[in-house]
Amino acid sequence: ASADWSRLRFTMDEGSARAVRVAFKRLWDAGLVYRGEALVNWCPRCLTTISDLENVHRDEMGTLWTIRYHLERADGTPDPDAWISVATTRPETLLGDTAVAVHPDDERYRALVGRHAILPFLGRLLPIVGDDAVDRAFGTGAVKITPAHDPDDYELAKRHSLPAITVLDEAARINAEGGEFFGRDRYEAREAILDRLREMGDLEGEEPHPMVVGHCERCGTVVEPRLSVQWFIRVKPLAERALASVREGRTRILPAHFEKVYAHWMENIHDWAVGRQLWWGHRIPAWFCPDGHITVSDALEGPASCAECGRPANELRQETDIFDTWFSSGLWPISTLGWPDETPDFARFHPTTVMETAYDILFFWVARMMMLGLFCTGVEPFQTVYLSGMIRDPIGQKMSKTKGNVVDPLETLDEIGADALRFALVIGTSPGNDQRLTKAKLDGGRNFTNKLWNAARFVLGSRPEQLVASDGEPTLAERWIHSRLAEATERATRQLDDLELSAYAALVHEFAWTDYCDWYLEMAKVDLRRPGATDGERSRAWRAARDGLAAILQLLHPILPFVTEEIWARVVATDAGDAIRPQLLITAPWPTAGSRDPAAESEMAVVLEVIRGVRNLRTESGVPASARLPLTVVPADAAARDAIEHGLDYLGALARVAPVDLQTSGADGDRPELVASTAGAAAWLGGAPVESSDASSRQAANAAHLRRGIERLEALLATDFATRAPAPVVERERARLADLQAELRLLTGG
RNA sequence: GGGCGGCUAGCUCAGCUGGUUAGAGCACUUGCUUGACAUGCAAGAGGUCACUGGUUCGAGUCCAGUGUCGCCCACCA
């Protein structure tokens, strides 16, 4: 349950670099890599290709302009009185138009198919073609075709063997193909073109038009489709395997509904444009020879010669493009373990059991790890993908530097410590759901670490001067906390196994705070300070407290690694010959659950009920907290009597009553101060400043409440519930009814 | 245009394969110089589990639909 800091790795290390080269070479050899011309997403600011995933779409309000393209007359000149109108949101791209498309069945344009329109400014002849892809209802029903600058147009152009003319340079300025607009930025050019069309009377209309626009994930610049030669990975076959792994359960994704999201993406995946025109990253290990041959090599020093024509290495030139960073990241689960070598780490730790990350990089990272891991090793890189949600600010906004709503971990660490932060992040969450990180939550974590620290201070500080061999039987409190610990350990272990991290954290928090600190430690004070106790008995009592603390430290170590380790060291130092093991929690094995003690638990349940009842009575009756009042207790039966006897001192201390008189017989009917009643015992608080009438009405109210509960259960047990529901469920309700009836008898002195 | 998720106490959120009196933390009320801790202790108050219908002995939980907020995916000029 701890991080292994001996295995640090950076994706630019040689270990990763070699894995990248080898993986790419194998993909190349398998025919899954190709280099070809295609329309890719280009960021004109970053000056690089980006993948579909890095092209983030945003809804924006644009404009749809309608532009007239005059038709060609028989003599080749534009006809001033005949035109075809096209609709576009990007007028500047018209400089790259090579056709106009209409739907083949569109009556309006059928006669025009086969004729030509003339491109404004440049005078290029544009064939008018018919294509099913054109939506007759949109715009004018006629589309300008710009193959080099629009994905749809590019596909259409391929179908009709139309040329593609690039008119924007790498920074999205009009290039030399753009005639008079050469050198202008794309948006300047747009305005200039519109102005000129307006002058010419060929701008037929403009209207607001909602549209989705792709932006560079890194810098926000509007992405430009750009025709270029790029490296691609053919991902279909990889995706099919990765999809089957999840479908067939070899890898499961938590929460499970993300499996559908994953599947949808894998089913609709496009080839991965994996090259980047940046300088920081792993360079693609491909070499070109003057004859245009490509050699891919996984050797650190590159190939010795061209794989096809044998030209020597010094005549080859390495590709300058680098890999998309997610390519090396996708190899992470295997590259960190030494792949492609068959290292001991790889043999031992691959595949990984659980991969944890936030859902926002399911496609970027998890999907790539699955595809590349399966391709490289033949097995899934992990059995379970645990997707956490994202941390948001107190009002639910995504944290971002520009918004300034980021919680700086380092400042938080200085303020409340790493443990408190970690605890706050783990508690009260569920996989796949975002969480808001608030001051109150962080404070909660801090308070808990503080609580733990103070509990430890108390326990370690109350070690007897003379620590000797333990003597005497364990007290009820000792047996009880031991049993509760056994249960907590068992449940915490199960929850960790089930990856129910938040439930685990809440459980251990509850056990440590409520069971151990609030109840047990208060009782341990009684045992530790018991007058007349021998050194052996005191030593036994202290060891019980210390062992409970130690067990809690172990259970909490995964979520509070630092404070538990620190306290553990002090426990070890204070042990005085008890040889606490191990010396360090971080390398300690997870604790195994001890055995339960049902007798102690049921006895303590009676005692706790009486304490709660008396406390409640005191508060409601306005008894000063400092006042010690006499108490008379009447147990319901022999077992309850034993319980009260064993817990008599705890009762006195925690309920602040003295003396406590334990009686065998029931009430004598003349005890107006009666207050507390439970299924196990009734308790009379003596000398309370309570008016008799108040006490009587309280007693009457309590009795009425009990009768209502009894009636409700009796009614329930009279229905089909008693015959149709499973026996244990019915039995539980019967027991509940019996408890209420017993309590009513005690209360009314019956 | 598809798909997914949230809607539970004043706030932020848990609630696994349906089990009958729905939990936590914070906030709130009332007491506490209780020899570990006021970053604390004790006792409380607070919810028709968004809505409608259905299945069931039993529904926060399962099914159908509605509303609302949010997210993801998507090459319609």
Side-chain angles (χ1 to χ4, degrees), chain A residues 39 52-53 57 64-65 86-90 93 101 133-135 138-146 150-156 209 211-212 214 225 255 257-258 260-261 264-265 268 270 359-360 362-363 389-390 394 396 416 420 424 427-430 432-441 443-462 494-495 498 500 502-503 506 509-510 517-518 521-522 525 529 612 615-620 622-626 653-656 709 712-713 716 719-726 728-730 732-733 736:
Chain A
L39 212 51
D52 290 345
L53 280 175
H57 294 93
L64 186 66
W65 287 278
V86 297
T88 181
T89 55
R90 304 202 53 199
T93 64
V134 178
D135 178 357
F138 188 90
T140 61
V143 194
K144 60 188 273 307
I145 300 300
T146 321
D150 182 276
D152 287 328
D153 294 1
Y154 182 74
E155 291 303 315
L156 187 143
H209 180 66
M211 50 196 272
V212 284
H257 70 82
F258 273 103
K260 269 187 275 185
V261 179
H264 183 259
W265 191 76
N268 296 290
H270 289 77
Y359 63 78
D360 61 329
L362 176 62
F363 306 140
M390 293 194 286
I416 63 170
I427 198 102
T429 63
S430 52
N433 285 112
D434 295 348
Q435 71 162 312
R436 301 175 194 208
L437 192 55
T438 60
K439 176 80 164 59
K441 202 162 190 197
D443 283 347
R446 180 207 48 188
N447 293 354
F448 184 44
T449 54
N450 180 258
K451 183 74 177 176
L452 194 63
W453 181 255
N454 279 296
R457 238 165 41 102
F458 167 70
V459 170
L460 297 177
S462 38
R494 192 168 57 242
Q495 280 163 340
D498 293 345
E500 292 184 24
S502 181
H509 171 265
E510 157 87 11
C517 290
D518 288 347
L521 280 187
E522 292 308 311
K525 287 174 185 171
R529 295 165 187 165
R612 285 198 193 94
R615 282 172 169 176
N616 178 291
L617 169 71
R618 294 179 60 116
T619 301
E620 300 215 335
V623 176
S626 53
L654 302 208
R656 300 187 73 76
R712 194 184 60 77
L713 284 170
L716 175 68
T719 65
D720 283 353
F721 170 76
T723 50
R724 306 283 301 267
V729 175
V730 177
R732 194 168 59 226
E733 297 310 314
R736 222 172 258 180

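A note on names: the letters A, B, ... follow the listed sequences, proteins ahead of strands, and every chain is numbered from 1. Here the structure is a predicted model, which is why all the values come from computation and not from measurement.
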S.K.: Spell out, as yes or no, whether a donor-acceptor pair under 3.5 Å connects the side chain of A:Asp434 to the backbone of A:Gly389.
M.R.: no

S.K.: Measuring from A:Lys525:NZ to A:Ser462:OG, what's the distance to the nearest 0.5 Å?
M.R.: 9.0 Å

S.K.: Can you find a side-chain donor-acceptor pair between A:Asn450 and A:Asn454 that sits under 3.5 Å?
M.R.: yes

S.K.: Looking across every strand, which nucleic acid part, if any, lies under 4.0 Å from A:Arg494 by heavy atom: base, sugar-phosphate, or nothing?
M.R.: nothing

S.K.: Nearest whole angstrom, please: distance from the C1' of B:G35 to the CZ of A:Arg457.
M.R.: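 Interatomic distance, CZ of A:Arg457 to C1' of B:G35: 11 Å.
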
S.K.: Examine B:C37: is either OP1 or OP2 under 4.0 Å from a nitrogen or oxygen in the side chain of A:Asn447? Give yes or no.
M.R.: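 No, no such contact exists.
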
S.K.: Give me the distance, rounded to whole Å, that separates B:C37 from B:C28 when you measure between the P atoms they each carry.
M.R.: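 After rounding to an integer number of Å, I get 24 Å for this pair.
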
S.K.: Rounded to whole angstroms, how far apart are CG on A:Asp434 and C1' on B:A14?
M.R.: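 Rounded to the whole Å, the gap is 16 Å.
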
S.K.: Would you confirm whether A:Ser502, through its side chain, and A:Gly428, through its main-chain N or O, come within 3.5 Å as a donor-acceptor pair?
M.R.: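 At least one qualifying donor-acceptor pair exists.
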
S.K.: Might you point out which heavy atoms bring A:Leu362 and A:Val261 nearest each other, and give the distance in Å?
M.R.: CD2-CG1, 4.3 Å

S.K.: Between protein and nucleotides 5-10 of chain B, map the contacts as a letter string: B base, S sugar-phosphate only, - none, heavy atoms under 4.0 Å, written 5' to 3'.
M.R.: S-----

S.K.: Quick one: A:Leu521 CG to B:C37 P, roughly how many Å, whole number?
M.R.: 12 Å

S.K.: Reading 5' to 3' and counting Watson-Crick or G-U wobble pairs with both distances under 3.5 Å, write the dot-bracket notation for RNA chain B, | for bases paired outside the strand.
M.R.: (((((((..((((.....[...)))).(((((.......))))).....(((((..]....))))))))))))....

S.K.: Would you say A:Arg712 places a side-chain N or O within less than 4.0 Å of OP1 or OP2 belonging to B:U21?
M.R.: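 Yes, A:Arg712 has a side-chain N/O under 4.0 Å of OP1/OP2 on B:U21.
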
S.K.: Ignoring hydrogens and angles, tell me if any N or O in the side chain of A:Asn616 forms a donor-acceptor pair with the backbone of A:Arg612 under 3.5 Å.
M.R.: no

S.K.: How long is the gap from CG on A:Asp360 to CE on A:Met390, to the nearest 0.5 Å?
M.R.: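 That separation rounds to 4.5 Å.
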
S.K.: Decide yes or no for A:Leu654 and A:Arg615: does some side-chain heavy atom of the first lie under 4.5 Å from some side-chain heavy atom of the second?
M.R.: yes

S.K.: Please confirm whether the shortest side-chain N or O distance from A:Lys525 to OP1 or OP2 of B:U34 is below 4.0 Å.
M.R.: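 Negative; the distance criterion is not met.
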
S.K.: Taking atom C1' in both B:U8 and B:U61, compute the distance separating them and give it to the nearest angstrom.
M.R.: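 12 Å, rounded to whole Å.
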
S.K.: If I pick the C1' atom on B:U33 and the same atom on B:U21, what distance separates them, to the nearest angstrom?
M.R.: 38 Å

S.K.: Rounded to the nearest angstrom, tell me the gap between atom CG in A:Asn454 and atom P in B:C41.
M.R.: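 About 10 Å, once rounded to whole Å.
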
S.K.: Roughly how many Å apart are B:G44 and B:C57, using the P atom of each and rounding to a whole number?
M.R.: 38 Å

S.K.: Rounded to the nearest 0.5 Å, what separation is found between the CG atom of A:Asn447 and the NZ atom of A:Lys451?
M.R.: 10.0 Å

S.K.: Using atom CZ of A:Arg732 as one end and atom P of B:U21 as the other, report the distance to the nearest whole Å.
M.R.: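 Result: 11 Å.
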
S.K.: Nearest to the side chain of A:Arg615, heavy atoms from C-beta on, is which of B:C32, B:C41, B:A43?
M.R.: B:A43

S.K.: How would you label the contact of A:Asp498 with the nucleic acid (heavy atoms, under 4.0 Å): base, sugar-phosphate, or nothing?
M.R.: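 Result for A:Asp498 = nothing.
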
S.K.: Would you call A:Asp150 and A:Thr93 a side-chain contact if the rule is heavy atoms closer than 4.5 Å?
M.R.: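 No - every pair of side-chain heavy atoms lies 4.5 Å or more apart.
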
S.K.: In terms of the nearest nucleotide of RNA chain B, which residue is placed more toward the 5' end: A:Thr719 or A:Glu510?
M.R.: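 Nearer the 5' end of the strand: A:Glu510.
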
S.K.: To the nearest 0.5 Å, tell me how far A:Asp153 CG sits from A:Leu39 CG.
M.R.: 9.0 Å

S.K.: Identify whether any heavy atom of A:Gly428 sits under 4.0 Å from a base atom; if not, whether one sits that close to sugar-phosphate; answer base, sugar-phosphate or nothing.
M.R.: sugar-phosphate

S.K.: Would you give the length of the straight line joining atom NZ of A:Lys441 to atom CD of A:Gln435, rounded to the nearest 0.5 angstrom?
M.R.: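 Going from NZ on A:Lys441 over to CD on A:Gln435, the span is 4.0 Å.
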
S.K.: Please state how far atom CZ in A:Arg656 lies from atom C1' in B:A43, giving the value in whole angstrom units.
M.R.: 15 Å

S.K.: Touch check for A:Ala725, heavy atoms < 4.0 angstrom, all strands: base, sugar-phosphate only, or nothing?
M.R.: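 Contact class for A:Ala725: base.
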
S.K.: At 4.0 Å (heavy atoms only), tell me whether A:Ser430 reaches a base, stays on the sugar-phosphate, or touches nothing.
M.R.: sugar-phosphate

S.K.: Say we look at B:C4 and B:C63: how far apart would their P atoms be, to the nearest angstrom?
M.R.: 13 Å

S.K.: Quick check: any donor-acceptor pair below 3.5 Å linking the side-chain of A:Glu522 to the base of B:A42?
M.R.: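 There is none.
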
S.K.: Once you apply a heavy-atom cut-off of 4.0 Å, does A:Pro726 come out as touching a base, just sugar-phosphate, or nothing?
M.R.: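 The residue A:Pro726 makes base contact.
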
S.K.: Quick one, give me the B/S/- string for nucleotides 62-77 of chain B, reading 5' to 3', where B means a protein heavy atom under 4.0 Å from the base and S means that only happens at the primed atoms, P, OP1 or OP2.
M.R.: -----------SBBBB

S.K.: Considering heavy-atom distances to RNA chain B, does A:Ala503 or A:Arg529 have its closest nucleotide positioned more toward the 5' end?
M.R.: A:Ala503

S.K.: Write down the distance separating the C1' atoms in B:A14 and B:G47, rounded off to the nearest Å.
M.R.: 15 Å

S.K.: OP1, OP2 of B:U39 versus side-chain N and O of A:Arg446: anything below 4.0 Å?
M.R.: no

S.K.: Name the nucleic acid region contacted by A:Asp720, choosing base, sugar-phosphate or nothing; use a 4.0 angstrom heavy-atom cut-off, strictly under.
M.R.: sugar-phosphate

S.K.: What pair of heavy atoms forms the shortest contact from A:Ala101 to A:Leu156, and how long is it?
M.R.: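 Heavy atoms only, the tightest pair is CB-CD1, 4.0 Å.
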
S.K.: Do A:His209 and A:Phe138 make the cut of ring centroids closer than 6.0 angstrom?
M.R.: yes

S.K.: Without decimals, in angstroms, what is the distance between A:Asn616 CG and B:G31 C1'?
M.R.: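 Checked: the CG to C1' distance equals 13 Å.
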
S.K.: Is A:Arg618 near enough to B:G31 that one of its side-chain N or O atoms lies under 4.0 angstrom from OP1 or OP2?
M.R.: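 So the side-chain polar atoms of A:Arg618 never come under 4.0 Å of the phosphate oxygens OP1 or OP2 of B:G31.
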
S.K.: Are any of the side-chain nitrogens in A:Lys439 or A:Asp443 under 4.0 Å away from the carboxylate oxygens of its partner?
M.R.: yes

S.K.: Between B:G60 and B:A50, how far apart are the P atoms? Round to whole Å, please.
M.R.: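 Straight-line distance between the two P atoms is 10 Å.
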
S.K.: Just the rounded figure in Å: distance from P of B:C16 to CD of A:Glu500.
M.R.: 8 Å

S.K.: When the P atoms of B:C11 and B:G19 are compared, how many Å lie between them, rounded to an integer?
M.R.: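 Nearest-Å result for B:G19 against B:C11 at atom P: 27 Å.
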
